[in-house]
There are 2 protein chains.
Amino acid sequence: MSDEQPRTRTKQAGAGGSEVLWLRDTGPRPPRRNTPLTLERIITAAIAELDAAGAERLTMRKLAERLEVTSTALYWHVATKEDLLDLALDHVVGEVPVPAPDSQPRAGLRTVLTGWRAAMLAHPWSPGLLGRPMLGPNVLARTEFIQAMLVRAGLSGVDLAAATRTLAGFVIGASMADATWRRLDDPGAIAKVRAHILDAAELYPTLSTSGFVDAAWSDDDLFVLGLERVLDLLLPA
Amino acid sequence: MSDEQPRTRTKQAGAGGSEVLWLRDTGPRPPRRNTPLTLERIITAAIAELDAAGAERLTMRKLAERLEVTSTALYWHVATKEDLLDLALDHVVGEVPVPAPDSQPRAGLRTVLTGWRAAMLAHPWSPGLLGRPMLGPNVLARTEFIQAMLVRAGLSGVDLAAATRTLAGFVIGASMADATWRRLDDPGAIAKVRAHILDAAELYPTLSTSGFVDAAWSDDDLFVLGLERVLDLLLPA
DNA sequence: ACCTGAACACCGTTCAAGT
DNA sequence: ACCTGAACACCGTTCAAGT
């Protein structure tokens with residue numbers, strides 16, 4: 001704490017191994033790294049960095065610094081930054097437990113979908129990554145579970161396909177919208193939006209009077225309410 | 001066509017106005033620009049660039065090149081690249097006409113929502129921008145219309161709030177998912193996904209047999225089908 | 001096998017200066 | 001008012017080289 005020097009071996013000015021023997025560091029040479037770099041550690045650090053710094057402020061260089069390695073070292077474990085983002089997103093989705101396969105369809109769906117949204121909102125940058133192909137093992141496992149529940153509930157064919165899309169769209173859309181507001185950390189932002197819409201009340205007669213700007217109900221409550229109704233729709237009684 | 005030289009005035013080597021008078025360009029000096037830069041032109045060019053180059057490959061420098069100006073010139077009209085993206089997204093949404101305010105609720109909703117999705121899919125990079133606060137005038141006008149229709153259909157209070165979110169989420173989610181696939185231009189990509197899931201059929205027993213990987217139904221059909229059902233749900237008969 | 005160091009080819013943005 | 005040119009402080013990524 002009292003020592004502000006970086007912990008990495010300090011580079012001697014102009015040195016290149018040509019230092020006098022007696023002046024060189026003696027004793028057991030310091031281990032190259034305390035903890036070796038692994039893909040797992042990189043992903044964890046990336047998520048931490050994303051949580052801290054926000055969505056597009058993640059940098060391979062800053063990430064490397066957090067891991068106490070060179071930025072170029074990361075490329076031994078990961079092909080590209082985009083790949084890393086895909087891995088981070090799938091990792092976040094993996095935080096949602098998949099319910100037992102013999103769950104009651106409705107209860108099972110309620111659990112995965114609520115959990116999925118919760119996991120993404122816990123990392124508000126993650127919905128912003130939904131535009132990329134979601135084919136990670138964790139995402140696929142949860143998609144598999146969702147379809148399995150729908151099949152067990154009696155759906156098949158087009159109905160099954162449409163229901164899967166409706167549910168996925170519902171979660172994705174809700175998470176994106178909610179995450180947008182949570183990321184808008186500017187404390188006065190909501191107030192500003194409110195004022196902006198109320199100022200143009202002639203343009204937005206409904207929005208300005210419907211409670212849309214008042215946040216009278218919580219994101220969570222509205223999500224659960226909407227989800228229950230959608231489940232009513234999709235699952236034959 | 002036969003002249004490969006750039007059309008901008010070529011910079012004389014080492015010149016600084018110190019050229020001999022008689023060797024200077026004579027005649028009417030060329031007009032500074034054929035068409036002056038405006039915010040409107042910048043947005044249009046940005047959309048063209050995004051359509052051509054894809055989502056995150058838009059560069060202020062390449063955009064400037066397309067407009068035959070310096071990249072720094074753009075900053076006189078636009079504060080930041082992010083602002084420009086917000087403007088582009090709102091512009092795209094503006095391509096959807098807002099139906100007449102006295103539309104039948106169900107018909108009106110069907111029209112805006114289908115149009116909204118169509119406009120975004122026409123610019124497959126646009127759903128990727130949905131993570132940013134959508135408060136442009138075009139977006140707000142369409143949100144206003146949606147709520148107006150719901151109110152006319154008899155909704156209010158929590159029901160209205162939940163219905164608005166469900167509809168918005170439905171369109172956003174569907175557009176994002178569909179756009180992802182359309183952007184995945186790799187022609188063999190779908191085949192690869194298919195193979196990947198079928199290879200791990202033990203992990204994905206439902207996905208591999210439900211038609212999920214077969215694209216048996218078109219995006220458009222499934223969207224319309226899902227939308228009708230959601231409208232059934234939300235609009236009291 | 002795993003990591004460093006130097007280097008390449010870019011970025012977005014600022015700012016003084018020109019017209 | 002509107003645009004250019006030069007410059008700053010970064011980026012992601014490649015590649016030879018070290019251990």
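As the structure is a prediction and not an experimental result, all values here were calculated from the model. Chain identifiers are assigned alphabetically (A, B, ...) following the order of the sequence lines, protein sequences preceding nucleic acid strands; residue numbering begins at 1 within each chain.
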So if I take every side-chain heavy atom of [X] and compare against [options], which nucleotide ends up nearest?
X	options	answer
A:Trp76	C:dT13, C:dC2, D:dC3	C:dC2
B:Lys81	C:dA1, D:dC11, C:dT13	C:dT13
A:His77	D:dC11, D:dC3, C:dC3	C:dC3
A:Ser71	C:dC11, D:dT13, D:dC11	D:dT13
B:Met60	C:dC3, D:dT13, C:dG12	C:dG12
B:Tyr75	D:dT4, C:dT13, D:dG12	C:dT13
A:Pro36	D:dG12, C:dC3, C:dG12	C:dC3

Find the distance [X]:[atom1] to [N]:[atom2] and express it as a whole number of Å.
X	N	atom1	atom2	value
B:Asp83	C:dG12	CG	C1'	13 Å
A:Lys62	D:dA9	NZ	P	16 Å
A:Leu63	D:dT13	CG	C1'	15 Å
B:Ile42	D:dC2	CD1	P	11 Å
A:Arg57	C:dC11	CZ	P	21 Å

So, are B:Asp178 and B:Arg183 salt-bridged, with charged N and O less than 4.0 Å apart? no
Should A:Arg57 and A:Glu49 count as an ion pair when the cut-off is N to O under 4.0 Å? no
Is the centre of the A:Phe223 ring less than 6.0 Å from the centre of the A:Phe170 ring? yes
Counting any heavy atom closer than 4.0 Å, what does B:Leu58 reach on the DNA or RNA strands: base, sugar-phosphate only, or nothing? sugar-phosphate
Of A:Leu74 and A:Arg61, whose closest DNA chain C nucleotide lies nearer the 5' terminus? A:Leu74
Taking only the C1' atom of each, what is the distance from C:dC10 to D:dC8 in whole angstrom? 14 Å
Going by atom types alone, do A:Trp125 and A:Asp51 pair a side-chain donor with an acceptor below 3.5 Å? yes
Reading DNA chain D 5' to 3', what string of ( ), [ ], | and . shows its pairs, if Watson-Crick and G-U wobble pairs count only when both distances fall under 3.5 Å? ||.|||||...|||||.||
Does A:Leu74 form a side-chain contact (heavy atoms from CB on, under 4.5 Å) with A:Leu67? I'd like the steps, not just the answer. CA-CA 10 Å; A:Leu74 300 172; A:Leu67 288 161; 4.0 Å; yes
Taking A:Met134 as the fixed residue, which of A:Asp90, A:Val139, A:Leu129, A:Thr143 is the one that meets the side chain to side chain contact (heavy atoms under 4.5 Å, CB included) rule? A:Val139
Side-chain donor/acceptor contact of B:Thr72 with base of D:dG5 under 3.5 Å: yes
When you check the phosphate oxygens OP1 and OP2 of D:dC3, does a side-chain N or O of B:Thr70 lie under 4.0 Å from one of them? no
Dump the intermediate steps for side-chain contact (heavy atoms from CB on, under 4.5 Å) on A:Trp116 and A:Ile146, then the final yes or no. CA-CA 11 Å; A:Trp116 192 325; A:Ile146 291 171; 4.1 Å; yes
